[in-house]
Amino acid sequence: DFAAALIRKKIIEDVGFPDLRYFNAADDLAYGYLASQRASSICLNYNGIVRHIPDAPPLNRTTFYLGIRNRFLNRDNLAKSGARQSGPQFFFQTLVAVIRQLGRAFESPLDASTHALATIDGLRDGLHKRFDRLPQS
């Protein structure tokens, strides 16, 4: 979301702009990691941070899709920056995330099939490195 982020021009020149393919999930996390690789220090003003986090994230098709798809986008971007993650560890953690997310999908019987299919779509697109798509409505 990058709400009120102050980033030095040199970091933006080195890292580039935030990756729009994240849409609205984990973009700040990924960018923060890349910036930390090029900055000698990162400062946070915790007193100035105001959190506006809802009790629970909204459960919709996009949330379920991006929750899985963006794991692969993170892995791809980290690999391009030189960071490596164990393949078996990544796939095990992703499998656990898919199972958890499918469990969450069935908490809402009215939307269970939509949320489950969005999770599977996110997994499929992540595996095929299709990062320029958003879930079909």
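The structure displayed is predicted, hence computed values, not measured ones.
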Side-chain touch [X]/[Y], heavy atoms, less than 4.5 angstrom:
X: Leu127; Y: Leu123; value: yes
X: Leu117; Y: Arg61; value: yes
X: Asn77; Y: Arg21; value: yes
X: Ile12; Y: Arg8; value: no

Where at least one partner belongs to residues 108-132, residue pairs that pass ring-ring contact (aromatic ring centres under 6.0 Å, His included), sequence neighbours excluded: Phe64-His115
Residue pairs passing the ring-ring contact (aromatic ring centres under 6.0 Å, His included) test where at least one lies in residues 75-98, sequence neighbours excluded: Phe72-Phe90
Which pair of non-hydrogen atoms, one from [X] and one from [Y], has the smallest distance, and what is that distance?
X: Ala105; Y: Ala116; answer: CB-N, 3.7 Å
X: Asp76; Y: Lys129; answer: OD1-NZ, 3.2 Å
X: Ile11; Y: Ala35; answer: CG2-CB, 3.7 Å
X: Phe106; Y: Ala112; answer: CD2-CB, 3.4 Å

Co-members of the apolar cluster containing Leu95 [side chain, <4.5 Å]: Ile99
Nearest-0.5 Å distance that lies between atom CG in Leu73 and atom CD1 in Ile68: 13.5 Å
Spacing of OG1 belonging to Thr94 relative to CD belonging to Gln101, to within rounding of 0.5 Å: 11.0 Å
Contacts of type side chain to side chain contact (heavy atoms under 4.5 Å, CB included), residue Ala79, not counting sequence neighbours: Arg84
Partners passing side chain to side chain donor-acceptor pair (under 3.5 Å) against Arg124 (at least two apart in sequence or in another chain): Asp121
Non-neighbouring partners of Asp125 that pass side chain to side chain donor-acceptor pair (under 3.5 Å), sequence neighbours left out: Tyr65, Arg130, Arg133
Asn60 and Thr63 side chains, donor-acceptor separation under 3.5 Å: yes
In one Ile/Leu/Val/Met/Phe/Trp/Tyr side-chain cluster, 4.5 Å: Val96, Val98: no
